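Working notes, structure below.
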Number of protein chains: 2
Amino acid sequence: MNDDWPRDPNPFSAACPSRIIFDHIADKWTMLTLCTLAMKPIRFNELKREVEGISQKMLSQTLKKLERDGLITRQAFPTVPVTVEYAITPLGQTLSCVAANIAAWTTNHIAEVLAAQERYDRQNLDGPAFQGIK
Amino acid sequence: MNDDWPRDPNPFSAACPSRIIFDHIADKWTMLTLCTLAMKPIRFNELKREVEGISQKMLSQTLKKLERDGLITRQAFPTVPVTVEYAITPLGQTLSCVAANIAAWTTNHIAEVLAAQERYDRQNLDGPAFQGIK
DNA sequence: CAGGATCCTTTACGATACTG
DNA sequence: CAGTATCGTAAAGGATCCTG
């Protein structure tokens, strides 16, 4: 049915460096945090409020990782008490754009996915149900 | 349709449906498996060989999830022993293209990221060191 | 060949308490 | 305010054995 349109080799092959970064950004909070920072520079606790549901530990951890990767910057001001502002870098911006593509895909296709899930679940309620010795 | 989109607000906000799918595809194997399937239809064990490092359990689990989401199809042939072929769907193709963007981003920017990491690590070896708390 | 069922280890993550 | 340190739980993931 659907023919093989000639594609490049798997962009995520295990040896490939893609994996290194992908494994790295594909956790629960990284993209969310990055995209929040893409909107405007913001302080730690403010950010914690924006990124709903994140714990202080995960935020701190995520920010450190992002900073290390050069995707965001951290700037501390010697006020009392101290103020720290996080901001996205140009490099980080480019990644956040890619992340936006994923979000866009989801927005455009979520209906299809949900429909497929329902279809699948319906079939696996009638099917395995009567076979089901448990 | 839905072009209430890529304006300002965070595309990954916790409430947003983006998260539902993103959390879902952002694990260690989903994208890799999908992209491998995007190249050509393929059988289970063959796939297991292609997706280097994946365990039988994770492959099985990942495939089931992808099928449920309507991103791939599973077709069993009554040969002896049984043959099962997995193939990507048109919907899955569109997602694998997005995934390819991530891979492309990595390829294009990995040097910058690695450089940033080195810079960061160097500073945090000299930095905290001479403050000598340790 | 294509998986399911189990066990076990490792990791992620949250909650809490404390510090400059 | 902006974190660090520690602990405990839950989930992810790998290894192994088993089956139609």
Side-chain angles (χ1 to χ4, degrees), chain A residues 12 14 19-20 22-33 36-37 41-68 72-87 120 124 127-129 131-134, chain B residues 14 19-20 22-33 36-37 41-68 72-87 120 124 127-128 131-134:
Chain A
F12 281 113
R19 289 302 311 272
I20 304 174
F22 186 74
D23 286 352
H24 193 82
I25 60 181
D27 66 276
K28 207 175 174 184
W29 301 111
T30 301
M31 285 300 200
L32 181 52
T33 304
T36 303
L37 276 165
I42 190 174
R43 286 173 305 98
F44 186 89
N45 278 317
E46 209 177 336
L47 189 51
K48 184 168 183 314
R49 261 168 258 132
E50 290 270 332
V51 183
E52 255 178 291
I54 197 169
S55 66
Q56 167 276 339
K57 175 185 172 180
M58 290 316 295
L59 179 56
S60 166
Q61 203 170 292
T62 301
L63 288 170
K64 215 179 279 180
K65 214 176 54 180
L66 287 170
E67 191 196 353
R68 187 173 109 99
I72 66 170
T73 58
R74 174 187 185 278
Q75 191 173 9
F77 301 95
T79 53
V80 180
V82 69
T83 304
V84 178
E85 192 170 272
Y86 291 91
Y120 183 95
N124 289 269
Q131 296 178 7
I133 313 277
K134 204 163 186 195
Chain B
R19 287 302 310 269
I20 303 174
F22 185 73
D23 286 352
H24 193 83
I25 61 182
D27 66 277
K28 208 175 174 187
W29 302 112
T30 301
M31 287 299 199
L32 180 52
T33 304
T36 303
L37 275 165
I42 191 174
R43 286 174 304 99
F44 186 89
N45 278 317
E46 209 178 336
L47 189 52
K48 184 170 184 311
R49 262 167 259 132
E50 290 271 331
V51 182
E52 255 179 290
I54 197 169
S55 64
Q56 171 273 326
K57 175 185 174 180
M58 289 315 296
L59 180 56
S60 164
Q61 203 170 291
T62 301
L63 287 171
K64 215 178 283 181
K65 216 177 51 179
L66 287 170
E67 190 196 353
R68 186 172 112 99
I72 67 171
T73 58
R74 174 186 185 279
Q75 192 172 7
F77 300 96
T79 55
V80 180
V82 68
T83 304
V84 178
E85 191 170 272
Y86 291 91
Y120 183 96
N124 288 271
Q131 291 177 9
I133 306 295
K134 202 171 170 199

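For clarity, every value in this text was computed on a predicted model and none was experimentally measured. These numbers come from the heavy atoms of this one structure, side chains and all, not from hydrogens, waters or symmetry mates. Residue numbers begin at 1 in each chain, while the letters A, B, ... track the order of the sequences.
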Original post:
Would one find a side-chain N or O of B:Ser60 under 4.0 angstrom from OP1 or OP2 of C:dA2?
Top reply: no
Original post:
Which whole-number value in Å describes the distance from B:Leu59 CG to D:dG14 C1'?
Top reply: 14 Å
Subject >> Whole-Å distance separating the CG atom of B:Leu63 from the P atom of C:dG3 >> reply: 7 Å
Original post:
Partners of A:Lys48 by salt bridge (Lys or Arg N to Asp or Glu O under 4.0 Å), sequence neighbours excluded?
Top reply: none
Subject >> Partners meeting side-chain hydrogen bond (donor to acceptor under 3.5 Å, both in side chains) with A:Thr30 (sequence neighbours left out) >> reply: A:Asp27, A:Lys65
Original post:
In whole Å, what is the span from the CG atom of A:Leu66 to the P atom of D:dG3?
Top reply: 13 Å
**OP:** Would you please name every residue forming a side-chain contact (heavy atoms from CB on, under 4.5 Å) with A:Glu85, sequence neighbours left out?
**Re:** A:Pro41, A:Phe77
**OP:** Look only at the side chain of B:Ser60 and the backbone of B:Gln56, and say whether a donor-acceptor pair between them is shorter than 3.5 Å.
**Re:** no
Original post:
side-chain contact (heavy atoms from CB on, under 4.5 Å) with A:Glu67: which residues, sequence neighbours excluded?
Top reply: A:Ile72, A:Arg74, B:Tyr120
Original post:
Is B:Tyr86 touching bases, backbone alone, or none of the nucleic acid, heavy atoms closer than 4.0 Å?
Top reply: sugar-phosphate
Subject >> Distance-minimising heavy-atom pair for B:Leu47 and B:Thr36 >> reply: CD1-CG2, 3.6 Å
Original post:
Whole-Å distance between C:dC1 P and B:Arg74 CZ?
Top reply: 15 Å
Subject >> Inter-axis angle, terminal five-pair segments of the helix from C:dC1-D:dG20 to C:dG20-D:dC1 [nearest 10°] >> reply: 40°
Nucleotides 10-16 of chain C: which of its N/O atoms have a protein N/O under 3.5 Å away?
from, atom 1, to, atom 2, distance (Å)
C:dC13, N4, A:Lys57, NZ, 3.0
C:dG14, OP2, A:Ser55, OG, 3.2
C:dG14, O6, A:Lys57, NZ, 2.3

Subject >> Residue list, side-chain hydrogen bond (donor to acceptor under 3.5 Å, both in side chains) with A:Arg49, at least two apart or on another chain >> reply: none
Subject >> Counterpart residues, side-chain hydrogen bond (donor to acceptor under 3.5 Å, both in side chains), relative to B:Lys28 (two or more places apart) >> reply: none
Original post:
Listed in order of residue number, which residues of residues 43-50 of chain A have a non-hydrogen atom at under 4.0 Å from DNA chain D?
Top reply: A:Arg43, A:Phe44, A:Asn45, A:Arg49
Subject >> Set of side-chain hydrogen bond (donor to acceptor under 3.5 Å, both in side chains) partners for B:Thr83, sequence neighbours left out >> reply: B:Thr79
Original post:
side-chain contact (heavy atoms from CB on, under 4.5 Å) with A:Gln61: which residues, sequence neighbours excluded?
Top reply: A:Lys57, A:Met58
**OP:** Identify the heavy atoms of A:Tyr86 and A:Leu37 that sit nearest to each other, and give their distance.
**Re:** O-CD2, 3.4 Å
